[in-house]
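Per chain, numbering begins at 1; letters A, B, ... match sequence-line order. We use all heavy atoms of the structure for the numbers below, so side chains are in, but hydrogens, waters and symmetry mates are not.
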Amino acid sequence: MIAITLPDGSQRQYDRPVSGAEIARDIGPGLAKSALAVRVDGVMKDLATVIAADAQVAIVTRKDPDALALLRHDAAHVMAEAVKELYPETQVTIGPAIENGFYYDFSRPVPFTPDDLALIEARMQAIVARDEPILREEMERGAAVRFFEDMGEAYKAEIIASIPDGQAIGLYRQGAFIDLCRGPHLPSTGKLGKAFKLMKVAGAYWRGDSRNEMLQRIYGTAWFDEQELKAHLTMLEEAEKRDHRRLGREMELFHQQDEAVGSVFWHPKGWTLWRTVEAYIRRRLEATGYVEVKTPQLVDRSLWEASGHWEKFGANMFTVLTQDERMLAVKPMNCPCHVQIFRVGIKSYRDLPLRMAEFGSCHRYEPSGAMHGIMRVRAFTQDDAHIFCTEDQITSETVAFCELLKAIYGDFGFEDVRVKFSDRPAIRAGADETWDRAEAALLEASAAAGLETTLNPGEGAFYGPKLEFVLRDAIGRDWQCGTLQVDFVLPERLDASYIAEDGQKRRPVMLHRAVLGSFERFLGILIEHHAGRFPMWLAPVQVVVATITNDADDYARTVLASLKAVGLRAEIDLRNEKINFKVREHSLAKVPVMLVVGRREGETGSVALRRLGGAAQEILALGDAVAKLVSEAAVPGA
RNA sequence: GCCGAAAUAGCUCAGCGGUAGAGCAACUGAUUCGUAAUCAGUAGGUCCGCGGUUCAAAUCCGCGUUUCGGCACCA
């Protein structure tokens, strides 16, 4: 007898091996219909999987958190089937489920056009309507390689050849289409339903390696029902509305133009935002024991050679040849310059930890395809600092940094921060025991700071392990902002030293750290995160005084003066326009507060306070309103 | 850097071989109005750049530049 234990604890006995589909049918006809897959002892498998021993079994329906991935993986297969039907000369490669959808990479000499996408999508609908059973088969490896080679599917054959010997090769057949796949899959193509849409075609390298040929990737999105699909498409539209490039123009924050690719022209309002953020960070740094410096933009090649940047990073550096034939480089990083300041005079252990900060303007020649608004640029300013310390101080400095970082992100409205811990890469400098200590210190410190880290194996810098702090933006993209890297190498290369308690000369450890990463990128994220509706303390224009008639002009000027007197960023709108017009315009400009004044307010010394997006108004005495706004505009942590 | 797409007024876009268009914005005038668009008028263009095809090119073709979507990159 085989005992099948269901999630509710109940048991069913079978006197012979039984498939997931049969179990579902035995439980009830409704479940049989909605069953998509089966979970055997926690592992997701095809519904047709035959269970031959006692097991914990759960029937997977669309409610299962992993069911969507199953659906999307099927969508990829159905798309591949459609493509093979329409364009038989195409070779298929891989097609996984991804967040919100799926993709499939194809090899085909002719590019897919948007018209092709419509055809493929229509064919996919037909394949769903055919409701072809999806059947698993297994094949011995050599046979599978020959099978796909005979079909002209060189990529599939290559994938199979790279699967370790002795493993059975899983194939899935639906109609005339057969694909290498580890599964599991839905029982038939009809289960995919109609809630999918092909989104775009893009290039992608075979096996993700830029030395390989480029394949054509078709992206799609897939959901269990049309409402979910529609909600997703609406979400994409909303995300587009908060794109920082669009808001940057609409809110007159910055612009970019062809003559300065990868650089930003900051307009008065955008620069106000920048200075607000910079002043805030500067105060945070002062409060946590940093000193601020400023180092040269142009530095002779010899320093970059000594630091190792010339060799490792030279291709990304802008260089300048002077008239006396010296080669200078525009600095891509601040660290070598900070070491130069450290090296002046003799440092004692009493000077450590020395926390040296700079709002360092750096230039890097980024690949042309990498540029993205102000998020990825060639000229940027880091909130950079290097902490020169002893090895013993790594933990306490890391804990302090993590706390600082948490406080700052919180002040900007980011509560959910993910942390990646990148450990030793294959090619690295320094002894293994040094790495042991550095990695242990970083892990211990992040735990002490209450951070949960995920391992990013082998992704550390060549000179030391690092923590990376990742924020997710409105369109679901991840942006690495903060970082903390332990460095034993640069102090050695640039000969930085201090005198220890025992009178011996020692090498300091350097902690490279940044909270925002770069101002450009962080401000871009901030714009998208708030959709341009900045909290009061960040808003470039905090208050607009708007008149209802010209009779109130003089009083409006008085109101403006009292706002400015307390340091609020205020503007005045005396135009001969209806108040409806003014309200609309300043709302679109995303000004958080409007003070509306008409004859009544002028006579009583009051203002009508209206908040962005709100319908209600509040009539306040001028003095009360000013006091209220000042407190609301207070910079956090001040 | 690689694949694909795009570039027309300040913005959003139409026009796709035969006189360069609309809405909003701008400017001028009228309107003095109570919480998301008052009315009328005026002006605004190297149709990304350079070549080519053609009687004729914003439109078709080639090269280049930039942007967008991905991929790779983000030391």
So which protein N/O to nucleotides 10-14 of chain B N/O distances come out below 3.5 Å?
from	atom 1	to	atom 2	distance (Å)
B/C11	O3'	A/Arg249	NH2	3.4
B/U12	OP1	A/Arg249	NH2	3.2

Report, one line per pair, each donor and acceptor closer than 3.5 Å where one atom sits in a side chain of residues 591-603 of chain A; sequence neighbours left out.
from	atom 1	to	atom 2	distance (Å)
A/Arg599	NE	A/Asp551	OD2	3.2
A/Arg599	NH2	A/Asp551	OD2	2.6
A/Glu601	OE1	A/Gly598	N	2.8

Restricting both atoms to N or O, compile the protein contacts to nucleotides 61-67 of chain B shorter than 3.5 Å, with distance only.
from	atom 1	to	atom 2	distance (Å)
B/U66	O2'	A/Asp258	OD1	2.6
B/U66	O2'	A/Asp258	OD2	3.4

Ring centres under 6.0 Å, that's the criterion: do A/Tyr87 and A/Phe106 meet it?
no
Just by distance, no angles: are the side chains of A/Thr93 and A/Asp105 close enough, under 3.5 Å, to form a donor-acceptor pair?
no
Check whether any side-chain N or O of A/Lys200 sits under 4.0 Å from OP1 or OP2 of B/G70, and answer yes or no.
yes
Within the 3.5 Å criterion, strictly below it, is a donor on A/Gln257 or A/His255 matched to an acceptor on the partner's side chain?
yes
With sugar-phosphate meaning primed atoms plus P, OP1 and OP2, does A/Tyr219 contact a base, only sugar-phosphate, or nothing at under 4.0 Å between heavy atoms?
sugar-phosphate
What is the distance, rounded to the nearest whole Å, between atom CD of A/Glu252 and atom P of B/A25?
15 Å
Are a donor atom and an acceptor atom from the side chains of A/Glu213 and A/Tyr155 found within less than 3.5 Å of each other?
yes
Is it true that A/Glu468 and A/Lys466 have a side-chain N and a carboxylate O under 4.0 angstrom from each other?
yes
Dot-bracket pairing map - RNA chain B, Watson-Crick plus G-U, both contacts under 3.5 Å, | cross-strand
((((((((.[[[[.)..(..]]]].(((((.......))))).....[[[[[..)....]]]]])))))))....
Taking 4.0 angstrom as the limit, do A/Glu250 and A/Arg245 come out as a salt bridge?
no
Below 4.0 Å: OP1/OP2 of B/G69 and any side-chain N or O of A/His372
yes
When rounded to the nearest Å, what value does the distance between P atoms of B/A37 and B/G29 take?
25 Å
Run the ring-centre check on A/Phe102 versus A/Phe196 and record whether the distance is less than 6.0 Å.
no
Heavy-atom closest pair (A/Arg513 atom, A/Asp383 atom, distance to 0.1 Å) is NH2-O, 3.1 Å
Ring centres under 6.0 Å, that's the criterion: do A/Tyr219 and A/Tyr104 meet it?
no
Scan side-chain atoms only and decide if A/Ser361 and A/Lys331 contain a donor-acceptor pair under the 3.5 Å cut-off.
no
In whole Å, what separates the C1' atom of B/G23 from that of B/G64?
34 Å
Distance, C1' atom - from B/U59 to B/G70, rounded to whole angstrom
29 Å
Per-nucleotide protein contact string for nucleotides 32-40 of chain B (B base, S sugar-phosphate only, - none; heavy atom under 4.0 Å):
BBBBBBB--
Holding to side-chain hydrogen bond (donor to acceptor under 3.5 Å, both in side chains), I want the full list of residues that pass it with A/Lys269, two or more places apart in sequence or in another chain.
A/Glu252
Contacts of A/Phe313 and A/Pro114 projected onto RNA chain B by closest heavy atom; the upstream (5') one is A/Pro114
If you measure from the Lys or Arg side-chain nitrogens to the Asp or Glu carboxylate oxygens, is any gap between A/Arg378 and A/Glu366 under 4.0 Å?
no
Is there a donor and acceptor pair closer than 3.5 Å between the side chain of A/Tyr205 and the base of B/G1?
yes
Tell me what A/Ala204 touches on the nucleic acid: a base, only sugar-phosphate, or nothing, going by heavy atoms under 4.0 Å.
sugar-phosphate
Can you find an N or O donor on one side and an acceptor on the other, under 3.5 Å apart, linking the side chain of A/Arg207 with the base of B/C71?
no
Closest nucleotide of RNA chain B for A/Pro367 versus for A/Met333: which of these residues is on the 5' side?
A/Pro367
